[in-house]
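Step one of this worksheet: look at the structure below.
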Protein chains: 2
Amino acid sequence: MSRAYNFSAGPAALPEPVLEQARDELLEWKGERASVMEVSHRGKAFVAMAEESEADLRTLLAVPDDYAVLFLQGGATQQFAQIPLNIATPGQAADYLVTGAWGQKAVSEAKPYVNARIAASTEEGRFTDVPDADSWSVDPAAAYLHYTPNETIHGVEFHALPDSGDVPLVGDFSSTILSRPVDVSKFGIIYAGAQKNIGPSGLVLMVIRRELMERSGQARAKILNFAAQAKEGSMLNTPPTLSWYLAGLVFKWLREQGGLEAMAKRNQAKADLLYAAIDNSGGFYRNPVAPRARSWMNVPFTLKDAALDSAFLKESEAAGLLALKGHRAVGGMRASIYNAMPIEGVKALVDFMADFARRNG
Amino acid sequence: MSRAYNFSAGPAALPEPVLEQARDELLEWKGERASVMEVSHRGKAFVAMAEESEADLRTLLAVPDDYAVLFLQGGATQQFAQIPLNIATPGQAADYLVTGAWGQKAVSEAKPYVNARIAASTEEGRFTDVPDADSWSVDPAAAYLHYTPNETIHGVEFHALPDSGDVPLVGDFSSTILSRPVDVSKFGIIYAGAQKNIGPSGLVLMVIRRELMERSGQARAKILNFAAQAKEGSMLNTPPTLSWYLAGLVFKWLREQGGLEAMAKRNQAKADLLYAAIDNSGGFYRNPVAPRARSWMNVPFTLKDAALDSAFLKESEAAGLLALKGHRAVGGMRASIYNAMPIEGVKALVDFMADFARRNG
């Protein structure tokens, strides 16, 4: 066994007990005499698992009854399009707070369907902060206000909920879902690609206020219709059963860990440790994000001399610290420290960083 | 170990050696010190796997160079919508040969985007045959001619390629892909949900003639654009990496079995055995499909007395023959005998059927 600490931004590390259980029952699941990926999604065993996973998720996120939970496909990127298709009329105004690359992509994918307005953007500051609420230009007639609570590439996180007034708030939680409690009742839609804090890629989780599904939206196939999916328990067609099952195991693991309050404490402690290591490195390491907007999940940092990057990457990998290369849009390094990353992994990283700085300072 | 013969229509049985390999490397894949589902889709190891899987598929299906191979999401059902979005102009005529429930669904999902015309349908005959070519009413100006080479629910298969003239032929191969060789050059698009003959659900395989991707299609988000996906190697966003990896293992397994010529021989032998058992049961069992259109993959059959159905299901399950219940639209039983079902499984089924008939005849 030689698993290492995996700081991949996504697909990302999963809890080891989840992987072990999946391995142990991969050929025979729950007395079904078949793998979970070989049984019908309409069979009793799978339906029971699906219902249990939804119940666990509802408990974890304290989802109110007037919200539906959907298990979808296509990544968050497809939802950038599917959300306007479902809750905006053609060409209607839809507002976006843009704090990084994913917010930009959300705007771009929505444009064929709505008048996507930039209500606020921090692009001028190179996406190193969240915009002050008094700088937002929100259209009260907008179909929704979309934002990205955590920007995976830029490492920028909203630590307070935006107030969208009467306009439904839509959040792309891909890289922060389940990392801490969130007041679902403040949202129209919460959605997230699974591959950071939920399970393998290929699954999208959505929590949607039921009344939003009554909007007529735009001409579209039934498979793209949230209300139709909700009516069928996310089984309008065959769902990604293996990914759903793995997500269900992660939900159970999170409950065993003490739920999202406990995860929030751990995640904040991990982030504090890493940012302190960066800030106290005498300028050897640097994170460009305003302290009030620093992400608990994705921590980008640069070395004082980019010529050291390749040595840092080579040596960290040899030390069992994987996937620290930063996104090309930002450069340098990035440590993604989602739920499955234990504090020991972050300690190993900060120890390595201190040692590397000493040797190269 | 108590795996049984699994006749599920989909998600369906996978080859046991594939599951065993996946299990053995579930926590550590290829020296990556992480699971295949935990590594970046843009990392060297995953990209190499993805390229190898495409190469294996191209070998298996003898895909010509002027065709792209895409790994998509959303099930075949989403493609019912995405295909017209990409290769038809709004409201353009698109023709459909309808030989079962999936063909009907394809029409229904296409309707928001095109003038979906029924070029031929066997609904009057309760979907028990394929339509004679001289009965088709194909519009030479149609964007494409769509058909379902194998209808999973009705057990109806085209054993010859439809001649669509100059109109591009589009086939939903979900339940017959890789079961036998196919002349790809005769097609505009071949596509298939993975969960029958490829791997776990949540992955869609598409083989598309490159020139079709030059069509302007209809206003749509980039994520729904085939050309954009082809340009990015099906990684416009994070693909379903775990499912893709499993599909790659299945392709390797198929090559080890001798490729599609060898699979065709096996599949025909399996089907012959089962249809003979039905036809020679003295009317105890009955398959309603015209012999020229009987599916090699999905064999629906009824018992002479529907009151025996529940005993048949209970006893077959006890005998290690799983998931034989027919689809509610057809009733009775259905044995799905995809690539992963060995001839021994079909033998066990026909032996059981003979014994059951003897005891209840």
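In what follows, chains carry the letters A, B, and so on, assigned in the order in which the sequence lines appear, proteins first and then strands, with residues in each chain numbered from 1.
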| field | Polar side chain donor-acceptor pair, A/S2 to B/E28, under 3.5 angstrom | value | yes
| request: Using distance alone, with no hydrogens and no angle criterion, decide if B/T241 and A/S201 have a side-chain donor and acceptor under 3.5 Å apart. | output: yes
Less than 4.5 Å to any heavy atom of chain B: does that hold for the side chain of [X], its backbone, both, or neither?
{"X": "A/A12", "result": "backbone"}
{"X": "A/S8", "result": "side chain"}
{"X": "A/E32", "result": "backbone"}
{"X": "A/A110", "result": "neither"}
{"X": "A/L246", "result": "side chain"}

As an exercise: rank [options] by heavy-atom pairs under 4.5 Å with chain B and give me the winner.
{"options": "A/H41, A/K325, A/R220", "answer": "A/R220"}
{"options": "A/K111, A/R23, A/E109, A/M37", "answer": "A/E109"}
{"options": "A/P112, A/P240, A/P11, A/G10", "answer": "A/P11"}
{"options": "A/Q73, A/E25, A/E38, A/K222", "answer": "A/E38"}

| field | Neighbourhood of chain A inside residues 78-88 of chain B, taking heavy atoms under 4.5 Å as contact | value | B/Q78, B/A81
| Greater than 12 external heavy atoms within 6.0 Å of B/K105's NZ | yes
| Residue part contacting chain A, namely of B/L322, when any heavy atom lies under 4.5 Å | side chain
Under 3.5 Å donor-acceptor, [X] side chain and [Y] backbone:
{"X": "B/Y113", "Y": "A/A221", "value": "yes"}
{"X": "B/N6", "Y": "A/V39", "value": "no"}
{"X": "A/R33", "Y": "B/E317", "value": "yes"}

| Would you call A/L236 and B/T77 a side-chain contact if the rule is heavy atoms closer than 4.5 Å? | no
| said: Please report the interatomic distance CG(A/L224) to CG(B/L224), rounded to the nearest 0.5 Å. | reply: 7.0 Å
| When rounded to the nearest 0.5 angstrom, what is the spacing between CG in B/L26 and CG in A/L26? | 6.0 Å
| query | Quick one: of B/A22, B/G31, B/A4, B/G199, who has the most non-hydrogen atom pairs under 4.5 Å with chain A? | reply | B/A4
| query | Do you know which of B/P200, B/G75, B/G74 has the most heavy-atom pairs with chain A at a distance under 4.5 angstrom? | reply | B/G74
